[in-house]
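Worksheet: one structure, shown below.
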Amino acid sequence: MRRSSAPCPPLPRLRRRSWWLTALSAVLAMLAGTVLTGSGAATAAPRAWAPKPPPMTTPWTGGVSVDNPLPEYPRPQLTRPDWAGLNGIWDFAVTPADSGRPASFGEQIRVPFVAESALSGIQRRITQHDKLWYRRTFTVPPDWDGRRVQLHFGASDWRTTVWVNDRQAGAVHSGGFDSFSYDITGLLNGGTNTLVVSVWDPTQAGGQAVGKQRLNDVTPHPGGGIFYTAASGIWQTVWLEPTAAAHITRLDLVPELVNDRVQVTVRATGTNGHRARVTVSSGGTTVGTATGPVGGTFTVAVPNPRRWSPDDPFLYDVRADLLSGTAAVDSVGSYTGMRSVGLARVGGVLRPVLNGEFVFQTGTLDQGYWPDGIYTAPTDAALRYDLQKHKDLGFNMVRKHIKVEPQRWFYHADRLGLLVWQDMPSMERTPDAAARTQWEAEYDRIIDQHRSSPSLVMWVNQNEGWGQYDQARIADEVKAYDPSRLVDNMSGVNCCGAVDGGNGDVVDHHVYVGPGTTVPSATRAAVLGEFGGLGLKVAGHEWYPGGGFSYEDQPDADRLNRRLTGLLDGIREVRLPRGLSASVYTEITDVENEANGLITYDRQVVKVDEAAVRAANRALIDASRSPAPPVTLPTGQYRSLRVTTPGYTDRYLRHRDGAVFTEVVTAGSGTLLKSDATWRAVPGLADTSCYSFESRNYPGEYLRHRDSRVYKEGGSGDLFRADATFCPVRGANGGVRLSAHNFPGQYLRHYGAELWLAVPGGTRAWDSPAHFTEDTTWAVEVPWAP
């Protein structure tokens, strides 16, 4: 049925309020996640519009307002009391990409959900051959008279042109992940105004930042791999705001813990001799205030600051005033967290430090996709949910993967206390000169828009070589542009043809399932930018039933829990002591056909035991704060390794016919058996901080794992040396566990008298959970054959 092409209803007028009541309402609304000042959202939408059925429903799908979706204040770090939301039902049309404005708008769309999504009411594929058109009307409340009117877009993907009353508002905006605004005062007519927006989005057919978007079918289908449905057009809140002619446009806040102060830069427009005043307060009590030049940097004292951290995400209130003489002509609210980020040597190892202290950063890959809204979370509660689940699961960090979320996402991270690694969305191919200029300009704007968020601790420039170029230069320029944060020049330098720029603050590997052997250098800390990818399909909660994939499928939830906690334990026991400082598990939720999530794509099922995962993460974080002394073995001396499993403590590790077994050895045993059960510990062939075990009666031959079975073999080459190197981990009752150097978290285990490399939570017989810890713990005894 053809939908009505009648204009949307006008925006209702806002009521006038006293300043103090308005300001109080603004603060309370922002903190509570409610609408400010009776936000002027659209009135009841025409009943002709209806959402499409999504492939999966989230707990919030049915709660999305038709007339006023996502009504929360959209810019928590630069707040004013008066504003009006334009989210809701707009007229909509799709034309060929080279066409002008259509004569009629035959459909309607719910903004700010993308046309590919069910929540938009459109739900169809958009390609580079299409142009999207949006239209609605609004009126400006009479109590805004005498003020400038700003039109804001949270984000629109990709090339957006705006008209008000048939006149273009400013320049065309190119960029899919940054906010943009227009002063539309001179375009208004004093009555009912018509707003028209066109958007062209070529997705991967263009050269722009695109992230994981691809021109796939919008309904569930097989395949897709690690790339997902495209998201075209407006996808973040659209809103109006009245301002003074001279007004603040940005407030940069950079804490300086070492000097007990915060650096502030108040940026503004329309100024002429104005000054800026910034006040920092806590609980309504001023802790510091200072006045300085507009556009220049000055400082505000924050004596004895309460430090922001994941354990105590304390935020100070901030107010900035634009002064003409002594009168404030504009005022905005904000907040800041007092924290520092950097690198330091801790125990001789280069580590990232927060507030001068090393704490292991354990997080997940968060891609920010939704089965009902695709790029846009259905509600603000949904947007917060994924971050809260990180905290519930014991993580203290999140890597936002090649997507940039709305400012409210950062606000939730700031309040919850999650460290954020922010990726710059990647390009699909090696870019030409124009694409490079666009990508770098958009990156600068993204940095500017989120540089005051205390949770954001690292910029991740590029990923696995996708669209890679000038890695070293870009890392240096990002560091110079924002020296208050760490910079990762390339996440996954060991993967997929990536080229390491050799600089930045971290060396970042991707290892599936992992956790691998990433080590720090003299100038860069070691981080594991991706690992894990353990999959579990949950019947009734699959995007395309039977189509899901993972890096390692798990047969059931119990096995997933044991495998995941085993990986986290392996990082704590093996890789943390050897220099690893952070890890990012893939991933927090399933995404379309990727079944790697700890939570299903519809957010209906948490697949893992939250308490068990939280305990493993807590143990990892605690170990980084209070490291245990390293486990050492006597080198150059012969020793015998005894089983510690109750009932088998008279058995020792011995070789026979090239393979390794356990066998009972006593004082009465023969000379050959005693020699076979004696080994010399030497510095590790692949890593001298670990150990290799040389046969007593076959010098030059070592314990070596191959295809999970353990042998006594000689050899050469990097693979042999890695296979023959084991790292000691503290076991129970003074025993030692021996982890494979090249498979951290996998341990030497006796099973059925044979020696195997066993995986906690693995699916093979020798990975059995029964007596796993006891079977992998060895007593280092005096040698049977000195």
Side-chain angles (χ1 to χ4, degrees), residues 349 360-365 393-397 494 509-520 526-534 551-552 554 559-586 596 598 608-609 612-624 627-628 630-631 684 686-687 689-691 705 708 710 722-723 725-732 735-749 756-764 766-769 772-778:
V349 177
F360 193 94
Q361 297 182 26
T362 173
T364 83
L365 200 71
L393 291 162
F395 295 103
N396 62 6
M397 176 263 284
N494 62 321
H509 284 185
H510 294 178
V511 185
Y512 288 101
V513 170
T517 58
T518 315
V519 294
V527 304
L528 184 57
E530 294 180 26
F531 82 106
L534 306 176
Y551 291 94
E552 183 182 286
Q554 307 303 306
R559 198 64 61 89
L560 173 62
N561 280 307
R562 287 192 282 113
R563 187 75 169 100
L564 172 58
T565 56
L567 288 174
L568 293 171
D569 289 346
I571 291 173
R572 171 175 53 85
E573 295 172 340
V574 184
R575 296 318 310 163
L576 168 63
R578 286 166 178 81
L580 189 68
S581 293
S583 61
V584 179
Y585 178 82
T586 300
N596 301 314
L598 303 178
V608 294
D609 182 331
V613 176
R614 183 168 58 249
N617 273 319
R618 188 75 258 170
L620 175 55
I621 293 168
D622 289 346
S624 68
V631 177
D687 181 346
S689 70
C690 298
Y691 298 90
H705 68 85
S708 297
V710 180
D723 289 348
T725 300
F726 299 88
C727 303
V729 172
R730 198 173 310 279
V736 173
R737 304 176 76 197
L738 296 172
S739 169
H741 171 264
N742 49 354
F743 291 95
Q746 300 189 28
Y747 300 90
L748 280 185
R749 181 189 191 179
W756 295 88
L757 196 61
V759 178
T763 58
R764 304 160 303 186
W766 55 88
D767 299 324
S768 166
F772 187 93
T773 300
E774 298 92 332
D775 289 353
T776 57
T777 300
W778 303 87

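Just the heavy atoms: all of them, side chains too, but no hydrogens, waters or symmetry mates, feed the values below. Worth saying up front: this structure is predicted, and the values here are computed from it rather than measured.
V574 pairs with exactly one of P744, C690, P728 by the side-chain contact (heavy atoms from CB on, under 4.5 Å) rule, that one being P744. Of the candidates T776, D767, T773, D775, D775 is the only one forming a side chain to side chain donor-acceptor pair (under 3.5 Å) with R749.
Side-chain contact between L568 and N617: present, with at least one pair of heavy atoms (C-beta onward) separated by less than 4.5 Å. H510 is not listed as a side-chain neighbour of V584, based on a closest heavy-atom distance of 4.5 Å or more. Using a 4.5 Å cut-off on side-chain heavy atoms (C-beta onward), R562 and P760 make no contact. The side-chain heavy atoms of S739 and R575, taken from C-beta on, include no pair separated by under 4.5 Å. Residues I571 and T362 are not in side-chain contact: their nearest non-hydrogen atoms beyond the backbone lie 4.5 Å or more apart. Here the side chains of R737 and T777 are in contact, with some heavy-atom distance below 4.5 Å. Inter-residue side-chain proximity for V513 and R563 is flagged as met; some heavy-atom pair is nearer than 4.5 Å.
A donor and an acceptor atom, one from each side chain of E530 and Y551, are nowhere located under 3.5 Å apart. In summary, the side chains of T586 and Y512 do present a donor paired with an acceptor at a separation below 3.5 Å, with no hydrogens or angles considered. A donor atom on one side chain and an acceptor atom on the other are found under 3.5 Å apart for H509 and T518.
In summary, the aromatic rings of F531 and Y585 are positioned with their centroids under 6.0 Å apart.
Closest of all the heavy-atom pairs between R559 and G762 is NH1-O, 2.8 Å. Nearest approach of L567 to G514, heavy atoms of both residues: CD2-O, 3.5 Å. Considering every non-hydrogen atom in both R572 and A619, the closest pair reads CD-O, 3.4 Å. When every heavy atom of S624 is checked against every heavy atom of L576, the shortest pair comes out as N-CD2, 3.8 Å. The two residues G761 and Q554 make their nearest non-hydrogen contact at O-OE1, 4.0 Å. Pairing each heavy atom of I621 with each of F360, the nearest pair is CG1-O, 3.9 Å.
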Could you give me the CA-CA distance, side-chain angles and deciding distance for V519 and D687, then say whether side chain to side chain contact (heavy atoms under 4.5 Å, CB included) is met?
CA-CA 11 Å; V519 294; D687 181 346; 5.7 Å; no

Begin with the C-alpha distance, continue with both residues' side-chain angles, and end with the deciding distance and a verdict on side chain to side chain contact (heavy atoms under 4.5 Å, CB included) for L564 and L598.
CA-CA 10 Å; L564 172 58; L598 303 178; 3.7 Å; yes

Set out, in order, the CA-CA distance, both residues' side-chain angles and the distance that settles side chain to side chain contact (heavy atoms under 4.5 Å, CB included) for V511 and N494, then state yes or no.
CA-CA 9 Å; V511 185; N494 62 321; 4.1 Å; yes

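Under the 30°/60° scheme for interplanar angles, the aromatic rings of F743 and H705 are found to stand perpendicular.
Here OG1 of T364 is found 8.5 Å from CG of L393. Values are rounded to the nearest 0.5 Å. One finds the CH2 atom of W778 at 8.5 Å from the CG atom of L738 (value rounded to the nearest 0.5 Å). Expressed to the nearest 0.5 Å, how far CZ of R614 lies from OG1 of T565 amounts to 13.5 Å.
The closest donor-acceptor contact from the side chain of W766 to the backbone of S708 lies at 3.5 Å or more, if one exists at all.
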